[in-house]
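Worth knowing before you read on, the calculation uses all heavy atoms, side chains too, and leaves out hydrogens, waters and symmetry mates. Keep in mind that what you see is a predicted model, and the values were worked out from it rather than measured.
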Amino acid sequence: MRKGMFYGLLFTAPAILGFAVFTLGPMIASLVLSLTDYNVFKEQTTFTGLDHYVRLFSGEDELFYKSLGATFYFVVLRVPAVIILSFAIALLLNLNVKGRAIFRTIIYLPSIVPAVASAMIWMWLLNPDLGLINSLLSRLHLPTSGWLYSEESVIPSVVLTTLWGIGSTVIIFLAGLSGIPRQYYEAIEVDGGGWFHRLRHVTIPMVTPTIFFNTIMTIIGSFQVFNEAYILTQGGPNNKSLFYVFYLWRTGFRDADMGYASALAWILFVIILFFTFIVFRTSKSWVYYEGGERS
């Protein structure tokens, strides 16, 4: 027993040390820095206590609530869109049709395209004057949009660009679908059920653990949205797409106010932790495993 424990700790030591040095250590350091006025260009750092947090929640920093509002709007739009669209595509790719492997590859490829390359493609497609999408809409005599350059449409447009890279989520759904026993579908067919009954009574209940996992990961990833704001919009127009992590980065690395940025980071950590906890708690009522056991 002790020998097994020794070898277990030995083989897990790199992961444990890596977590302690590169994750836990910086987290503790950022918590300490959030209580100071640390600035990389200042010779002295003084303890400020909860002043940063008071400034944030008192409304003194208007951009804090603007960035929170933009991020929540993005999360509310993106999470259902990613889950529903990914699940629908996975259902289609799970059909036994000719060339299925090719279609799966096509769906997955955009998710490995570099973020900058994808952003440049979307900037061209969504250009209100010269973009391909508005050109097609004009030819079809349909109303065009300002897309990334309009305050009303900028966040839905950013959500649209992120749907380009849902290939990894689709693959995870495919893995969940492939694990459903075939005899369940055969039982539905014997009872005279159609595709809707298979979807409603077999597919969706059996794939709820996968939906649960993808929902958690999509929520976390959506709250941490950064590349799109940094490359596509720079937080504009009029700070309408000033996402929280982009504002955090701008505060810490452009303004060099690391203490304030650390406070922003810890608030984001608490927000993500809260919503993750909510999903975990509610999963007891809707996540099912084979045999009818609940999570």
* To do: Could you walk me through whether Leu199 and Ile204 pass the side-chain contact (heavy atoms from CB on, under 4.5 Å) test, one step at a time?
  => CA-CA 6 Å; Leu199 179 67; Ile204 293 179; 4.0 Å; yes
Within the side chain of [X], is there an N or O that forms a donor-acceptor pair under 3.5 Å with the backbone of [Y]?
| X | Y | answer |
| --- | --- | --- |
| Asp61 | Leu56 | no |
| Asn134 | Ser145 | yes |
| Arg100 | Asn94 | yes |
| Asn239 | Leu242 | no |
| Thr48 | Leu35 | yes |
| Arg104 | Leu93 | yes |
| Ser58 | Arg55 | yes |

Gap between atom [atom2] of [Y] and atom [atom1] of [X] - 0.5 Å precision:
| X | Y | atom1 | atom2 | value |
| --- | --- | --- | --- | --- |
| Ser153 | Leu126 | OG | CG | 9.0 Å |
| Leu85 | Thr169 | CG | OG1 | 10.0 Å |
| Leu68 | Leu63 | CG | CG | 11.0 Å |
| Phe173 | Phe213 | CZ | CZ | 10.5 Å |
| Asn214 | Ile211 | CG | CD1 | 8.5 Å |
| Thr210 | Ile180 | OG1 | CD1 | 8.0 Å |

What about [X] and [Y], are their ring centers closer than 6.0 Å?
| X | Y | value |
| --- | --- | --- |
| Phe74 | Tyr244 | no |
| Tyr38 | Tyr260 | no |
| Phe280 | Phe212 | yes |

Any chance [atom1] of [X] has more than 12 other-residue heavy atoms, nucleotides or ligands included, within less than 6.0 Å?
| X | atom1 | value |
| --- | --- | --- |
| Phe253 | CZ | no |
| Arg139 | CZ | no |
| Glu186 | CD | yes |
| Met120 | CE | no |
| Phe47 | CZ | yes |
| Leu10 | CG | yes |

When you group the ILVMFWY residues by side-chain heavy-atom contacts below 4.5 Å and let the links chain together, are [Y] and [X] in the same group?
| X | Y | answer |
| --- | --- | --- |
| Leu177 | Leu95 | no |
| Ile220 | Tyr73 | yes |
| Leu125 | Leu109 | no |
| Ile112 | Ile89 | yes |
| Trp164 | Phe243 | yes |

* Would you call the rings of Phe72 and Phe223 parallel, tilted or perpendicular if under 30° counts as parallel and over 60° as perpendicular? ->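 Perpendicular: the ring planes of Phe72 and Phe223 meet at over 60°.
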* Asked: Should the pair Trp266 and Phe269 be assigned to parallel (<30°), tilted (30 to 60°) or perpendicular (>60°) ring geometry?
  ->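 Perpendicular, since the angle between the ring planes exceeds 60°.
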Can you see which heavy atom on [X] is nearest to which on [Y], and at what distance?
| X | Y | result |
| --- | --- | --- |
| Leu148 | Ser157 | CD2-CB, 3.8 Å |
| Val79 | Ser222 | CG2-OG, 3.9 Å |
| Ser150 | Pro237 | C-CG, 3.8 Å |
| Phe103 | Lys98 | CE1-O, 3.9 Å |
| Glu228 | Val158 | CB-CG1, 3.6 Å |
| Lys240 | Val154 | CB-CG1, 3.9 Å |

* **Worked check of side chain to side chain donor-acceptor pair (under 3.5 Å) between Thr233 and Ser241** => CA-CA 7 Å; Thr233 67; Ser241 64; 2.7 Å; yes
Do the side chains of [Y] and [X] get nearer than 4.5 Å, heavy atoms only?
| X | Y | answer |
| --- | --- | --- |
| Val170 | Tyr108 | no |
| Thr46 | Thr36 | no |
| Ile171 | Leu174 | yes |
| Gln234 | Phe246 | yes |
| Ile216 | Thr276 | yes |
| Thr71 | Leu268 | no |

* Asked: Passes side chain to side chain donor-acceptor pair (under 3.5 Å), Thr208 versus Trp286? Steps please.
  -> CA-CA 7 Å; Thr208 48; Trp286 62 273; over 6 Å; no
* To do: Report the C-alpha separation of Tyr184 and Arg198 in whole Å, then their side-chain angles, then the decisive distance to 0.1 Å, and conclude whether the side-chain contact (heavy atoms from CB on, under 4.5 Å) test is met.
  => CA-CA 8 Å; Tyr184 292 165; Arg198 294 195 297 271; over 6 Å; no
* Return yes if a side-chain donor-acceptor contact under 3.5 Å exists between Asp257 and Thr251, otherwise no. =>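 Side-chain D/A pair, Asp257 to Thr251: absent.
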* Intermediate values then yes/no, side-chain contact (heavy atoms from CB on, under 4.5 Å), Phe226 and Leu248 -> CA-CA 10 Å; Phe226 171 77; Leu248 189 159; over 6 Å; no
* Scan Phe57, Tyr247, Tyr53 and name whichever one has a ring-ring contact (aromatic ring centres under 6.0 Å, His included) with Phe64. =>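 Between Phe64 and the candidates, ring-ring contact (aromatic ring centres under 6.0 Å, His included) is satisfied uniquely by Phe57.
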* Qualifying residue, where the test is side chain to side chain contact (heavy atoms under 4.5 Å, CB included) with Val82 and the options are Ile219, Leu163, Val159 ->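 Answer after filtering Ile219, Leu163, Val159: Leu163.
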* Could you check Leu31 against Ile28 for side-chain contact (heavy atoms from CB on, under 4.5 Å), going step by step and ending with a plain yes or no? => CA-CA 5 Å; Leu31 180 60; Ile28 296 173; 5.6 Å; no
* To do: Kindly determine whether Tyr185 and Thr203 satisfy side chain to side chain donor-acceptor pair (under 3.5 Å), including the steps that lead there.
  => CA-CA 9 Å; Tyr185 292 117; Thr203 304; 2.7 Å; yes
